[in-house]
Amino acid sequence: MTYRNNIIQTLGVDDESTYGRKLGITVAVDTLGMCTISFGASYSIRIPEDDVDALRDVLYEASRQLGYQRKENTLYTKSKTEAEKEMASEAEAYDPEDDWALAEDEESIDEEEQIRRDEKNGLYPDKWDCCN
């Protein structure tokens, strides 16, 4: 039996260290039961089938987590945009005069409530209590 190295695929991937161009990754299998993964012309690894399977599992998990993060970021951005729109519409409808009128009403309610509490405790307005 003669030795053969069969290239399965070469693909280019975006890599931060090769800005502007893609890094070529070549995957091949040989007749000795090994897989060779070459990263450009500078580095390659030669691994057996069980390590290929382990690498595939790790890459699948990494892909799954990246998809989850992308979905979470999309949902966060969407909810943030909705919140900003809601806040903007509330800001447009805001009138400080309304708040001032409401505050005056609350003060009178608070005064009435305080008088009620005082009377409940035996304290009457405009009446002097020598015990106090």
Side-chain angles (χ1 to χ4, degrees):
M1 182 193 257
T2 61
Y3 175 80
R4 283 192 325 255
N5 188 32
N6 300 317
I7 295 175
I8 296 171
Q9 185 176 355
T10 299
L11 70 139
V13 296
D14 288 326
D15 177 31
E16 291 178 344
S17 65
T18 58
Y19 180 76
R21 55 181 215 274
K22 295 190 177 236
L23 173 67
I25 297 178
T26 302
V27 178
V29 293
D30 63 27
T31 53
L32 299 176
M34 299 295 278
C35 174
T36 304
I37 304 171
S38 301
F39 300 90
S42 60
Y43 184 74
S44 64
I45 57 173
R46 197 162 174 261
I47 56 176
E49 182 179 355
D50 59 335
D51 288 338
V52 171
D53 292 338
L55 181 60
R56 179 194 62 218
D57 293 343
V58 169
L59 289 173
Y60 173 77
E61 181 62 23
S63 175
R64 195 182 68 74
Q65 287 185 20
L66 287 170
Y68 178 77
Q69 286 177 357
R70 183 182 63 253
K71 180 181 175 186
E72 287 295 311
N73 288 341
T74 302
L75 291 175
Y76 171 76
T77 303
K78 182 179 176 184
S79 65
K80 180 181 173 192
T81 302
E82 289 172 1
E84 287 172 350
K85 287 179 183 177
E86 183 179 341
M87 290 171 60
S89 67
E90 288 176 1
E92 288 175 7
Y94 175 70
D95 183 7
E97 294 297 323
D98 290 344
D99 282 351
W100 180 255
L102 218 90
E104 288 177 348
D105 289 343
E106 287 176 2
E107 285 177 13
S108 65
I109 291 171
D110 290 338
E111 289 172 15
E112 291 173 5
E113 178 64 19
Q114 187 62 45
I115 292 170
R116 188 192 66 76
R117 290 180 184 167
D118 287 347
E119 289 175 351
K120 182 179 175 185
N121 293 322
L123 303 173
Y124 298 97
D126 301 324
K127 290 191 178 180
W128 182 73
D129 186 359
C130 64
C131 297
N132 286 338

Student: Can you pull out every salt bridge (Lys or Arg N to Asp or Glu O under 4.0 Å) where at least one residue sits in residues 10-23? Sequence neighbours excluded, please.
Tutor: Asp14-Lys22
Student: Is there a path of hydrophobic side-chain contacts, each under 4.5 Å between heavy atoms of I, L, V, M, F, W or Y residues, that connects Ile45 with Leu11?
Tutor: yes
Student: Show which side-chain atoms of residues 68-75 pair as donor or acceptor with protein atoms under 3.5 Å away, not counting sequence neighbours.
Tutor:
residue, atom, partner, partner atom, Å
Asn73, ND2, Gln69, O, 3.4
Thr74, OG1, Arg70, O, 2.8

Student: Under the rule for side chain to side chain donor-acceptor pair (under 3.5 Å), what residues qualify as partners of Glu84, not counting sequence neighbours?
Tutor: none
Student: Membership question, hydrophobic clusters at under 4.5 Å side-chain separation (ILVMFWY): are Leu66 and Leu23 in the same one?
Tutor: no
Student: Is any side-chain heavy atom of Leu55 closer than 4.5 Å to one of Leu59?
Tutor: yes
Student: Show the atom names and distances, to 0.1 Å, of all donor-acceptor pairs under 3.5 Å that link a side chain in residues 27-43 to residues at least two apart or in another chain.
Tutor:
residue, atom, partner, partner atom, Å
Asp30, OD1, Leu32, N, 3.0
Asp30, OD1, Gly33, N, 3.2
Asp30, OD1, Met34, N, 3.0
Asp30, OD2, Tyr3, OH, 3.1
Asp30, OD2, Arg46, NE, 3.2
Asp30, OD2, Arg46, NH2, 2.6
Thr31, OG1, Arg4, N, 3.1

Student: Residues in salt bridge (charged side-chain N to carboxylate O under 4.0 Å, His left out) with Asp53, at least two apart?
Tutor: Arg56
Student: Checking Arg64 now: which residues fulfil side chain to side chain donor-acceptor pair (under 3.5 Å) with it, not counting sequence neighbours?
Tutor: Glu61
